Amino acid sequence: MDTSDLLKQLNPAQQKAVLHGEGPVLVLAGAGSGKTRVITYRIARLLLEKLARPSEILAVTFTNKAAAEMKSRVDQLLGDELPGLWISTFHSACARLLRIEGAPDGIGRHFQIYDTNDQQALIKQVIESLSLNVKIFQPRKMLAIFSQAKNQLQTPDTYKPRFNDWLGDEEQKLFREYQQRLADCGAVDFDDLLLLTVRLLNEKPGLAELYQQRFRYLLVDEYQDTNRAQYEMVRLLAGPRGNVCAVGDEDQSIYRWRGAEVRNILDFERDFPGTQLVKLEQNYRSTGTILRAAGGVIDNNTQRKGKKLWTAAGDGDPIRLIRADSDLEEARMVTGVIREERRTFELDQMAILYRMNFQSRVLEDALRADGIPHKIVAGLSFYERKEIKDLVAYLRVVANPRDDLDLKRIINVPPRGVGKKTVERLEKHAAAGGLTLRQALAEAVEGKAGKARLPAALAELDELLREQSELLEGGAGPADLLEQIVNGTGFAEYIRGFDIAGADRLENVEELLAKAREFEETSSEEEGLSQFLDLVSLVSDSDALDADTPQVRLMTLHTSKGLEFPLVFIVGLEEGVFPIDRGDQDPEELEEERRLFYVGLTRAMKKLNLSWAGRRRIYGQTRYTYEQSRFLTEIPEGCLIDPTPRPRPGHSLPRTTDLSWAPDRRARKMTARRTVGGRTAGGRTAGKNAVDEARQFLANLDIKVEQPAGSPGEAALEPQPGDLVQHPKFGRGRVLQKEGQGEDAKVRVHFNSVGARTLVLRYARLEVLEG
DNA sequence: AGATTACGATTTTTT
DNA sequence: ATCGTAATCT
C-alpha cells in the first residue's frame, strides 16, 4: 500500500485534499461526498509518506461514533493499530490533555466528569441553597445559559447577564456558585473540559508550543459545528504553522442552539491566512432529483460559501408529496407507502424523519397497527438508564468520596428507609464539621451525629462502602466492585420488581458488568476505576443499531445527520412544525431550519417522500395547519409529484381539512356542563377535564355533526380553531388554538399580515368569516 | 416515609 | 398527553 493506491480510489477534489501539504486547508464537503474517506486517506497518506509519525497527528470529531469509525478505517487502510495516534472527540481529547497536564484553577489531574444529569442535580441544589425560585430560575434554562456562556469562554466573572437587574445579579451569583460547587465536588462538566483546555493552553504559552510541536497535523471533522471554545482550541493547537485540515459543510450546521457558530467555517479562510480551499461536490449517495431538490432549497440561504452537488447517477424517481387531513392520516398514509415499498426495499433501508420527538408517537401507533417492525433511534442511551446510572453512581462514590451528589443519589437506592429528613440531618452534620457527606455518614453510623436513630440499613451502606474502598486499594477493577455492589445491595431483586421492564433492566445490568469485565481485560495496568468512569461519561452511544430483524428507523432530523437510507420519509412539513414557529422570526434561525431540512433531504439515496397534515394533535390539543411548509414551495419545479394544486407562497391553503369530527358548538356547551365518567364537574379544572373528556369521547365515536350555518340565537359566534376570522387591524387570519372559556378566553390566530398573535377574545373584535 | 394530587412546561441533544 | 416537581395527604 502506498500513496498511489490511495489516490486511485479518489476523485480529483478528494485527491487535492489528501495531497495537501503544510498550511491550512478547508475542505467543504457536501453531503455524501466522501468526507470521511478524505480524512482517513489523508491520515493514511501522511503516515505512509512518513510526513508524520502516528503520535504527531490529532484528529478530532464530535461523536464517539465518528471517532470509532475513523479509527477503524485508518487501521484498515494501514493494516495495523497505530499507537500514539489520537483520533478522538473534542471532549475526550481535552479530558486526556487535562489529565496529563493538570487542569488550571487548582483542579489538577483528578476530576470527574459530570454529564447532563449530574449537572441538573447540582444546579437544583445550588438554586435551592441560594433560596431562589425554580419557577423563575429554571434549572434547565440556567444550565443552557451557563453552557452558552462557557462555550464562549466566559467565566462567572466575565459573564454579563442578559438583564442588568436583580434577575441578572442572581443569575450571575448562581453561575458563580455552580462553578464553585463543581470545584468542591472535584468535578467538571462537558463545557469545562473545553474551557479549561483553552485556558490551560492560553495561560501556559510554553505548553501550547509543546503541543503545537507534538501535533504537527491537525484534522477537524464537522468544522461547521464548532463553538467558540473549540475554535480557540484549534487555533491554539495549530499555532503559527496553522497546519489544520478543517472538514465540514456550512449547509449542515444545525447546532446553533448549542453554541455552534457557522461563522467559524465561513470565516476559516480569514482566520487561517493562506488557506487552500477544496470543495467536494460530487455526491455518491442520492439521485439527481433528490440533489436538485436539496440544492433548490438550500439556495435560499445567505450564510453559505456555495456548493453545487452533482451526481454521475441518473435522475431517479420523483419525490412524492403526501397531503393528509390529520397527523393520524399522515401516519397511515406513510405506513401505506411502506407496505408498498416493502416489495422493493428492506425495512431497515427505510427511515422516517421528523422535527420533534412527539411526532413519533402517532407514527409508531400506525406502524404497530400495521404490524411493521420499527425502532425509534436515540431515546435513552445505555448509560442514561436509571439502573445503570445508579450503579455507576456507586462506583463514583467509591472513586471520589468528595462528591456528595452521587452519595445522595444512591443513599436510598435500593430503598433503605432514608428520606429527606435523614439526608438533611447528615448534611447538617457534614456542614457543622466541615465534612463530606460520606464522612458524615460514617460518623453518624458511629453515633456521632446526634441521638436520633438512623435507618438501620444505613449502617450496611456504610459497611459496603468501606469494603469497596478496601477492594479498590487492593487493586480490584470496576467489574469486581460492581459485582460486590450488586450482591451487597440486593440490586437485582430491587430492579426486578421495578416495573414491567424489570427483565430488560436486569439485562442492562449484566451488560454493564460485561463491559466492566471487558475493560479490565483490555486496559493497561495503570488504568483503573477513574478511566473506566471517564469512558462511561464520555461514551453515550452504545445502542448501536443492532438489527437482527430489519426495522424501519424513526428519528429526529437532527439524529439523522450523517446517516443515509435508500428510502426516506420526512413528515410534518407544516409552517409552525417545520420550520418550527417560535413567535419571533429570526432569519438566522430560519436558515438553520432550512439547513435541517437540507440535511433530511440529503439522507435519501433512492426515494424520498414528503408529507404534511392539515391538523395535528400537539400536547393534547388539536392545532390547525395554516400553511404547508415554505420549504416545500422552495423545491424546484419538476422534482415533486404533487397531486393537488399548489398554493402560491404566502397564501393560506384552501381548506382541505375535515372538521366533521368536532362536536358542534351547542354540543360543546352542553357537554361542558354535564358530568362525565361519573365524576362531578366541580371546580375549574374538573370542568375543563370534563370538556376535554367529552370532546375526546365524541371524537372517538367519530360523530359527524353538521356545522350550524350561523344558527340564530348565537349572535356573536365564538371563533374556534380552524375558523377563518377577520380582525379590524390585522385583517384575515386562521384560528390556531383556543384556551380558556367565556370572559377570559384567548385565541391564537395566524394572520397573513403579521403572523401568529394571541388575542383576548373579549377585546379583539374578531369576526368569524367561515367556520 | 411514602402516596396522592395539582400544576406547569413542553425543539432539536454529538459530549 | 405526559412528565417532573411541589404541595398536601395518610
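Keep in mind that this is a model prediction, so the values were computed, not measured. Residue numbering restarts at 1 for every chain, and letters A, B, ... go by the order of the sequence lines.
Aromatic stacking of A:Trp257 on B:dT11: not satisfied for centres closer than 5.5 Å together with planes under 30 degrees. Ring-base stacking between A:Tyr619 and B:dT10 is satisfied, the centre separation being under 5.5 Å and the plane angle under 30°.
Looking only at atom types and distance, the side chain of A:Asp189 has a donor-acceptor partner in the side chain of A:Gln119 under 3.5 Å away. At a cut-off of 3.5 Å, with distance as the only test, no side-chain donor of A:Glu261 or A:Asn227 sits close to an acceptor on the other residue.
The residue A:Asn357 sits close only to the backbone: its heavy atoms come under 4.0 Å of sugar-phosphate atoms, none of a base. Using a 4.0 Å heavy-atom cutoff across all strands shown, A:Phe358 reaches no nucleic acid atom at all. Looking at heavy-atom distances under 4.0 Å, A:Thr422 makes contact with sugar-phosphate atoms alone, never a base.
One finds no side-chain N or O of A:Arg256 lying less than 4.0 angstrom from the OP1 or OP2 phosphate oxygen of B:dT12. A close approach under 4.0 Å does not occur between any side-chain nitrogen or oxygen of A:Thr559 and OP1 or OP2 of B:dT12.
When Watson-Crick and G-U wobble pairs are counted only if both distances are under 3.5 Å, B:dT11 pairs with no nucleotide at all.
Listed nucleotides: B:dA9, C:dA1, B:dT11. Nearest to the side chain of A:Arg355: B:dT11. The side chain of A:Lys141 has B:dA9 as its nearest neighbour among B:dT11, B:dA9, C:dA1. For A:Asn412, the listed nucleotide lying nearest its side chain is B:dG2; candidates were B:dT15, B:dT13, B:dG2. Considering only the side chain of A:Lys421, B:dA1 comes nearest among C:dT5, B:dA1, B:dT15.
Taking the nucleotide of DNA chain B with the nearest heavy atom to each of A:Thr556 and A:Val418, the more 5' of the two is matched to A:Val418. Between A:Phe190 and A:Gln138, it is A:Gln138 whose nearest contact on DNA chain B lies nearer the 5' terminus.
Residue-environment remark: CZ (A:Arg368) exceeds the threshold of 12 foreign heavy atoms within 6.0 Å.
When each of A:Phe62, A:Tyr231, A:Tyr223, A:Phe190 is tested with A:Phe90 by the rule ring-ring contact (aromatic ring centres under 6.0 Å, His included), just one qualifies, namely A:Phe62.
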